[in-house]
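A short worksheet on the structure shown next.
Letters go in sequence order (proteins before strands), and every chain restarts at 1. The figures here come from the full heavy-atom set of this structure, side chains too, leaving out hydrogens, waters and symmetry mates.
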There are 4 protein chains.
Amino acid sequence: MPELKSVLKEIVEETGKVAEPGKATGNIPLLSKADTKKFGIAVITREGEVAVAGDADEAFSLQSISKVFSLTLALEDQGTKVWERVGREPSGDPFNSIIDLERHKGFPRNPFINAGALVIVDMLLDGGNGKDKDRVCELLKRLTGEDTIAVDEEVANSEESSGFTNRALANFAKSFDNLNNEVDDVIHAYVRQCSLALSCRQLAKAGRYLMLEGVDPETGVGLSEPSRALRINSLMMTCGQYDGSGEFAFRVGLPAKSGIGGGILAIAPNVASIGVWSPGLDHNGNSLLGTLALERLSERMGWSVFR
Amino acid sequence: MPELKSVLKEIVEETGKVAEPGKATGNIPLLSKADTKKFGIAVITREGEVAVAGDADEAFSLQSISKVFSLTLALEDQGTKVWERVGREPSGDPFNSIIDLERHKGFPRNPFINAGALVIVDMLLDGGNGKDKDRVCELLKRLTGEDTIAVDEEVANSEESSGFTNRALANFAKSFDNLNNEVDDVIHAYVRQCSLALSCRQLAKAGRYLMLEGVDPETGVGLSEPSRALRINSLMMTCGQYDGSGEFAFRVGLPAKSGIGGGILAIAPNVASIGVWSPGLDHNGNSLLGTLALERLSERMGWSVFR
Amino acid sequence: MPELKSVLKEIVEETGKVAEPGKATGNIPLLSKADTKKFGIAVITREGEVAVAGDADEAFSLQSISKVFSLTLALEDQGTKVWERVGREPSGDPFNSIIDLERHKGFPRNPFINAGALVIVDMLLDGGNGKDKDRVCELLKRLTGEDTIAVDEEVANSEESSGFTNRALANFAKSFDNLNNEVDDVIHAYVRQCSLALSCRQLAKAGRYLMLEGVDPETGVGLSEPSRALRINSLMMTCGQYDGSGEFAFRVGLPAKSGIGGGILAIAPNVASIGVWSPGLDHNGNSLLGTLALERLSERMGWSVFR
Amino acid sequence: MPELKSVLKEIVEETGKVAEPGKATGNIPLLSKADTKKFGIAVITREGEVAVAGDADEAFSLQSISKVFSLTLALEDQGTKVWERVGREPSGDPFNSIIDLERHKGFPRNPFINAGALVIVDMLLDGGNGKDKDRVCELLKRLTGEDTIAVDEEVANSEESSGFTNRALANFAKSFDNLNNEVDDVIHAYVRQCSLALSCRQLAKAGRYLMLEGVDPETGVGLSEPSRALRINSLMMTCGQYDGSGEFAFRVGLPAKSGIGGGILAIAPNVASIGVWSPGLDHNGNSLLGTLALERLSERMGWSVFR
């Protein structure tokens, strides 16, 4: 197996040569001007080795990657009851599609499309006495041991005042009685978890519990049931990259979750937790350089779960 | 790790206690009367150990599992050109849905839904000089070393005279110029590969090249590019159980392909090739006891790729 | 031609014998308890003859019939510019479906499905300086000469606090930049026009401008372009009864608009304006007895436009 | 009312000035080269006056207009039983869409989309002892009194060898048990009725029974129930121009049925039967100049049913 640090170095070089590294998201005004030349990667192995390269310590907007952590909290709150309100199938549609929600009568296909993530946030508000809107932030602080992790309030404000599609999805779910809290409260909590700012290094740290059967080796923070980690990994594999999940599994072969801020959290089970970031997106809304980097990393290190 | 043989014994016992083991397929008249109490399983490990239990030597109708082998042949014929005519994403729709084919202008979402499999068969006819309709049968003979593997002609006739949905899909693909051969020829070859009769033991044998990076350890038969095996595994993971693929990944955590004959081929990469069969199906068209058996096997042996 | 009054009498008798006159709407709590035995009808002919029968003077909730009047105002405000933001085709989907809105990128299929009506209301707010939320009420007062016409505030409150589907539609339209005003303002104005209370007699009066090329014979109130009336009639014919419009045209043969309050406004061009009401709905959300009554009336009087 | 002949003359002049008169159909190779400058119109009034202009005696391919006549025959064969296998609602989708057929489990939305027309043809084969494949041709001969009306065999061959979408639709309907005859037989009969060649003058003649409550004044040929004519007219109004039916009703205000050969049959009930033809099509597949001509005719003569 090649040396991890030198592989990361090669990856930074290769991604640096890509002439057209995608476009930053147009969905959130504040993020649309991100520098698509930025690229960072951080890997933490099972043994605790940390390797970083590029802009690995620059904070970016977590966006949909936060859905992994809110799902984790909902599963801890409610166990398998979660699946009475959200499915576990890839949707075959874009992440913000509302078509499936009508076809399936308000039952979102999985927790990683926006409709499903909103229902999950609704569960967190239930579980957290309806007031605590920053539970994902608290979890990330515990997982990373870093108290400075915080919501980027400017991004949050920008999203909250413009997120009409998400409001449509939340109202539509509520019209089918699949939202207990007020739409505004759900949107507020959702937008705040999406607007959390993390670096690649912090993200890789936060993902360690998924690499090692649900318990973070350093903090001891973990899931009440170890098998929960592998369930979350399986959902990341089949549904984590929206309508590009099949392609991603084909190229990279690792469970992962992307966000339109350009970040991706990827897990090599039992081997490594990986955070990667570059703001330019492909047509499915996944980081173009981030995906390329993970493809190379998986290939060079032999980390694909399908090998 | 527990002893494989005793785990299989436990599984036969557990599945034998299931009071309602699903219903045999209604799609093919001849298969609809299958005995849903039948259950067989066969496992071949990387080291060549063979363990079987139940009706592991009874032949059943391969049906959609054949799509794994026809895809393998198409990739050997045409390499990545295959992906110019078929996608790699889960569809979010039932296996015989035609909706996606219209939405995506004749480009099937993946090679494991019926529409995609028909386009793959069309490629095989191209590659095999348009005449050779039993290429999957020939491949299976080579992979298993068993010359007796054959099409069940009665099943083939039953399917060919009744498969109106597949004829609709083939004609629809052809209307978008995504079928080069005559519809009747494509249907004929497709029906024949689906009607191949194999036992669990033979199926597990046939799958060994997917377990070990593309080369069958006993026969030496293999893929021209080792990485091809892991690509096929990834497609089985995201798309192999139709609209139940997410659920299957969640419960079992192994790449697998099901057929409405009740068989499932599952691969524990680098560890084992597994054939399982029981004719009763769940609402997605996947073997109910077969899925349960694989869930237990994965759990007891720790074989999930997400662990 | 039979005498109108005696035909109405026959109709009241026939509808009175229907054992299962549909179910009141479940969408609006306050309306769900309406007495489905209620039935009223009022006809005003071109010559000014007024014939009524049954509960013709009992006020009911106008609901979607108000869309005819808001469309009229929008056309007077903006002329053909209206059609840059709303289409003129039947949708083939239920009235509150959001699927088409995604397929057509926020462009509603016609002004009589909810999505289209919300966009029309948005135009009225533009045209009326963004403040005047009761323009349909004002128009109805002018058309009927009755100053007592008013919003049923209790119904309005009930709808405004429960209309999650409409909020989903409005937000979704806004996500495609097809809504200029705030969602809350649009919903508020929309709910108020839907909650207007009218009797059959008042409704028939209000519809006279559509019978006689755009000018109300009594009040002189009318459209700035006479041809506008026949355009509105054509839209009522093809899209006025939601996903039951074809069936209604087949059975009744008159342009008409229904509401889930159980009312229907029907126009026999150049002949009569008709208001009918009975709260029980069929599976498409149209008044069951109201439709039956119009079928008989059209048949007995020879009023179908297709004759 | 202006003089009919002079109105037709004006129309020929106006249509002659249109610089871009649409494109001939690309669906049928043989028709794709039609001269889009061709334009003909023929009007027969209730009183028997015949007025023609342009290329009114040139034969063109009837195509989907034939669906009006096959529906007429099916209604005569089976009465209201027809509606147990075909609906009466506009589809909101293109004429050859297969999506609705899956959503509605093989029950076509109306008899004028291709799926519905194929089911109607299936009924004709039932009613005509399964052998008589040219029943529409026979009907047209009777309605026009012209024995020379015939199938254009070259067009029929061209269509039969290329109509994969229609074969897909027929097979799909059959998969839901909504086709009794063999797919090949249904396609054969369908293609033959579509390939009938008529002139505008013949078409206007053939449509007279729809103008006058089901009985052709000259031939005495008619429907067994007069009301049947107005039902067919209503279906032409709501579904006759595919996904442009609402637009057509809005602009023209007459029941009509178009074909991709560029012909349109329009009925001014109780007033006139109109045949018009020009091969250039708009984006919905309806004759561009034909629609424009009917819009002018309706406007100048005051023939809209909504007036």
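We find the CZ-CE distance between C:Phe250 and D:Met237 to be 15.0 Å, quoted to the nearest 0.5 Å.
With chain C as partner, the option from D:Asp100, D:Asn270, D:Leu230, D:Ile267 having the largest number of non-hydrogen pairs under 4.5 angstrom is D:Leu230. Chosen from C:Ser245, C:Pro269, C:Cys239, the residue pairing most often with chain D at heavy-atom distances under 4.5 Å is C:Pro269. The candidate from D:Ala229, D:Gly244, D:Pro226, D:Ser227 with the greatest count of non-hydrogen atom pairs under 4.5 Å with chain C is D:Gly244.
Residue contact with chain D, scored on non-hydrogen atoms closer than 4.5 Å, involves the side chain of C:Ser304 exclusively. Residue contact with chain D, scored on non-hydrogen atoms closer than 4.5 Å, involves the backbone and the side chain of C:Arg231 alike.
Side chain of C:Glu89 to main chain of D:Glu247: a donor-acceptor pair is present (N/O by atom type, distance under 3.5 Å, no hydrogens or angles).
The shortest non-hydrogen separation linking C:Ser234 to D:Ala249 is CB-O, 3.4 Å. Closest approach of C:Asp243 and D:Arg109 over heavy atoms only: OD1-NH2, 2.5 Å.
Under a cut-off of 6.0 angstrom, the local environment of CD in C:Glu20 is sparse, with at most 12 non-hydrogen atoms contributed by other residues, nucleotides or ligands.
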Going through the checks in order, is the side-chain contact (heavy atoms from CB on, under 4.5 Å) test met by D:Val305 and C:Arg307? CA-CA 10 Å; D:Val305 303; C:Arg307 188 175 294 268; over 6 Å; no
